[in-house]
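When reading the values below, keep in mind they use all heavy atoms of this one structure, side chains included, and skip hydrogens, waters and symmetry mates. Residues: numbered from 1 along the sequence shown.
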Amino acid sequence: MAGNFHVGAREEVPAMTRTKKMENRAASEALFGSCARGDTDRLSDRDFLIVDDDVAVLRARAMSLKAEGVSVASYTFRKLEALAERGALFLQHLRLEASIVSDRNERLAKLLDGFRPNECYDREIRDNSNLAALITTIPPGPNAELWAADVLYVTVRNFGVLWLASRGRHLFAYDRILEALQEEGLLHAAGISTLRRLRFLKSLYRSDDSATSGTVIRMIREALAGLPEEYFPSAIRTVPAGEVLAGPSPADGSPAYLQVRDLEKRIIAARFLGCNRFADPALTSLNEWVRNPRAYANLSASKAPELRRRLAALGDISQIVRNG
């Protein structure tokens, strides 16, 4: 096949003698990201793709891998094929860098081999700018600051991937993306070290670590000062948690990932007000979804309006208690 991805060794075992472990695998599985590129460091995730037609198989396999500390990207073939039809650059990422370790009937290999990226990603760049705008206002506290650093890291990387792809350059390693954006005149060399630190702050947030309040927001402001204002907010400010909970919703038709990151900010605001345990089952579920927005984005987006209403109600109750 013509694709640049490579296929790991596959086990050739008769169907009747396949082990239980093999039976629990998804139809197609692949290593991708820094582990596949060979440039891992202490901050790297172990990114692993699983694809199957059966959602139950994906759920069980994902649980098993996550227990081993693996970062799982789980897709049905239908979903992955839909992304391919839209020219999603995740497919190009896989096509160029993934190492396929198992692939029943070579479905994944054939899909990647036939993928071709779009020539223009202006709409996706605009959506990414709207995602970055979420950090314009944040609730108080160090956790909110780390959340903002995480969102900014994601949007800087997304922007680089999309903007460079629109110019025929397909890069996915964060440091290389920053270097390429500097080469293209979008970043100043002096600001790259600050942007690199976002990756460390992202790792703190995702490992439930902590940071000194005020320190992270200063780093974010330094990072924003070096980013093109056409695509990123020019400022970030802290506002009362109740204001976040009662704040405006993302525009109708906003991408699911933006919706779940907005809900995540509201969850942080609710926690700041003392709502650490949610009696509402829907909010308890949301508390889990925000820990893996890639996996739950579509589910949470469908329920976003109602969840925002319930979170706003928590803010009202907290205000009444404080004033009572």
Side-chain angles (χ1 to χ4, degrees), residues 5 7-33 35-36 45-86 88-91 93-95 97-115 206 208 255-261 263-264 267 278 280-307 310:
F5 56 88
V7 180
R10 296 195 183 100
E11 297 165 305
E12 298 296 337
V13 182
M16 293 298 291
T17 61
R18 290 197 305 176
T19 66
K20 184 70 174 175
K21 184 176 181 180
M22 291 178 66
E23 289 172 356
N24 288 338
R25 286 182 181 176
S28 300
E29 301 190 349
L31 188 69
F32 69 99
C35 287
D45 294 324
R46 293 166 59 197
D47 294 311
F48 201 75
L49 172 75
I50 58 175
V51 194
D52 204 286
D53 292 314
D54 191 330
V55 175
V57 169
L58 291 173
R59 187 179 299 115
R61 182 60 168 148
M63 288 180 62
S64 174
L65 289 166
K66 288 174 184 176
E68 300 174 13
V70 176
S71 177
V72 181
S74 175
Y75 292 88
T76 62
F77 277 104
R78 182 178 179 181
K79 176 65 174 179
L80 204 62
E81 288 161 359
L83 290 176
E85 289 175 5
R86 298 207 308 264
L89 286 169
F90 180 57
L91 275 293
H93 184 183
L94 296 173
R95 184 173 185 270
E97 299 182 353
S99 177
I100 297 176
V101 297
S102 62
D103 192 15
R104 201 176 304 154
N105 300 322
E106 297 192 339
R107 286 182 71 182
L108 178 59
K110 291 173 182 175
L111 176 60
L112 297 181
D113 192 53
F115 176 77
R206 299 191 186 186
D208 290 326
Y257 187 77
L258 185 153
Q259 299 269 9
V260 76
R261 296 312 302 251
L263 289 168
E264 188 176 2
I267 281 280
F278 301 109
D280 188 326
L283 295 181
T284 300
S285 296
L286 174 60
N287 207 28
E288 294 300 317
W289 297 345
V290 297
R291 299 184 65 82
N292 192 356
R294 178 167 58 187
Y296 291 102
N298 288 322
L299 177 60
S300 59
S302 67
K303 300 178 180 295
E306 176 62 17
L307 290 168
R310 297 185 188 190

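The two residues Cys35 and Arg46 have their closest heavy-atom pair at SG-CA, 3.9 Å. The minimum heavy-atom distance linking Ala26 with Val57 is given by the pair CA-CG1, 4.1 Å. When all heavy atoms are compared, the tightest approach of Val51 to Thr76 is CG1-C, 3.9 Å. Nearest heavy-atom pair across Arg61 and Asn24 is CD-O, 3.5 Å. The two atoms that bring Val72 and Lys66 nearest to each other are CG2-CG, 3.9 Å, heavy atoms only. In terms of heavy-atom proximity, Ala36 sits nearest to Ser99 at CB-N, 4.3 Å.
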Query raised in the report: Run the salt bridge (Lys or Arg N to Asp or Glu O under 4.0 Å) check on Arg261 and Glu264 step by step: do they pass?
Result: CA-CA 5 Å; Arg261 296 312 302 251; Glu264 188 176 2; 2.5 Å; yes
Query raised in the report: Leu49 and Leu108: side-chain contact (heavy atoms from CB on, under 4.5 Å), yes or no, with the steps?
Result: CA-CA 10 Å; Leu49 172 75; Leu108 178 59; 3.9 Å; yes
Query raised in the report: Does the side-chain contact (heavy atoms from CB on, under 4.5 Å) test come out yes or no for Ser28 and Phe77, once each step is laid out?
Result: CA-CA 9 Å; Ser28 300; Phe77 277 104; 3.4 Å; yes
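With values rounded to the nearest 0.5 angstrom, Leu112 atom CG is found 11.5 Å from Glu106 atom CD. The CG atom of Leu31 lies 11.0 Å from the CD atom of Glu97; values are rounded to the nearest 0.5 Å. The CD atom of Glu29 sits 10.0 Å away from atom CG of Asp103, with the distance rounded to the nearest 0.5 Å. Rounding to the nearest 0.5 Å gives a distance of 12.5 Å between OG of Ser74 and CE of Met63.
Exactly one residue among Tyr75, Tyr257, Phe115 makes a ring-ring contact (aromatic ring centres under 6.0 Å, His included) with Phe90. That residue is Tyr75.
At least one donor-acceptor pair under 3.5 Å links the side chain of Asp52 to the backbone N or O of Ala27. Between the side chain of Asp45 and the backbone N or O of Asp47 there is no donor-acceptor pair closer than 3.5 Å.
Every residue two or more places apart in sequence or in another chain that forms a salt bridge (Lys or Arg N to Asp or Glu O under 4.0 Å) with Asp53 is listed here: Arg107.
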